[in-house]
Asker: 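Just dropping this structure here.
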Amino acid sequence: MFCAIVAGEAPAAVVTETDEVIAFLDVRPMSEGHTLVVPKRHAARLADLPAEDGARMFALGHRLARAARDGGLRADAVNLVVNDGRAAFQTVDHVHLHVIPRFAGDKRAVLRRFLRRKPRTSDGAAALLRDALPD
Ligand SMILES: [Zn+2]
């Protein structure tokens with residue numbers, strides 16, 4: 001699934017990418033601008049992931065968190081989450097880091113979206129994040 005996006009064979013609202021990692025909007029977002037950071041080299045679980053890919057994944061998540069706060073999304077806070085394994089809610093067997101912008105007072109909305117993950121359109125969030133990405 002994510003390998004198909006990496007290969008350009010499946011559509012995604014891409015925020016940014018390098019040779020090693022790609023960031024795109026989650027199609028079932030828990031908040032506006034919910035982004036997934038994905039190492040391009042396939043690894044199903046953290047245990048399979050080379051340490052340098054983990055470091056690159058987190059570094060991009062770190063920059064996206066800043067973009068979510070400082071850019072047009074104007075997030076108040078950010079969750080960075082890796083679900084590693086089925087019992088931890090991992091649903092796609094390709095390691096990914098969730099970057100979830102959070103807004104004051106959004107607890108109920110986020111929990112509702114967490115329980116019922118529905119597809120939503122992106123409302124330009126990818127561009128807002130991209131434009132605010134720090135170097
Ligand atoms: Zn894959």
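Counting starts at 1 for both ligands and their atoms, in listed order.
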Asker: Can the ring centroids of His94 and His96 be said to lie less than 6.0 angstrom from one another?
Answerer: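 No: the rings miss the under 6.0 Å criterion.
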
Asker: Under a 3.5 Å distance rule, please check whether Gln90 uses its side chain to pair with a backbone N or O of Ala44 as donor and acceptor.
Answerer: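 Yes, because the side chain of Gln90 sits within donor-acceptor range (under 3.5 Å) of the backbone of Ala44.
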
Asker: Between Arg86 and Asp93 (salt bridge meaning N to carboxylate O under 4.0 Å), is one present in this structure?
Answerer: yes

Asker: Look at the rings of Phe114 and Phe89 and say which category their plane angle falls in: under 30° parallel, 30 to 60° tilted, over 60° perpendicular.
Answerer: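 Perpendicular.
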
Asker: If you count every heavy atom of other residues, nucleotides or ligands that lies below 6.0 Å from Arg130 atom CZ, does the total exceed 12?
Answerer: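 Atom CZ in Arg130 is crowded, with more than 12 foreign heavy atoms closer than 6.0 Å.
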
Asker: Spell out the protein N/O/S atoms under 2.8 Å from the Zn ion (ligand 1) as residue plus atom name.
Answerer: Cys3 SG, His42 ND1, His94 ND1

Asker: Does Phe58 offer a backbone N or O that forms a donor-acceptor pair with the side chain of His62 under 3.5 Å?
Answerer: no

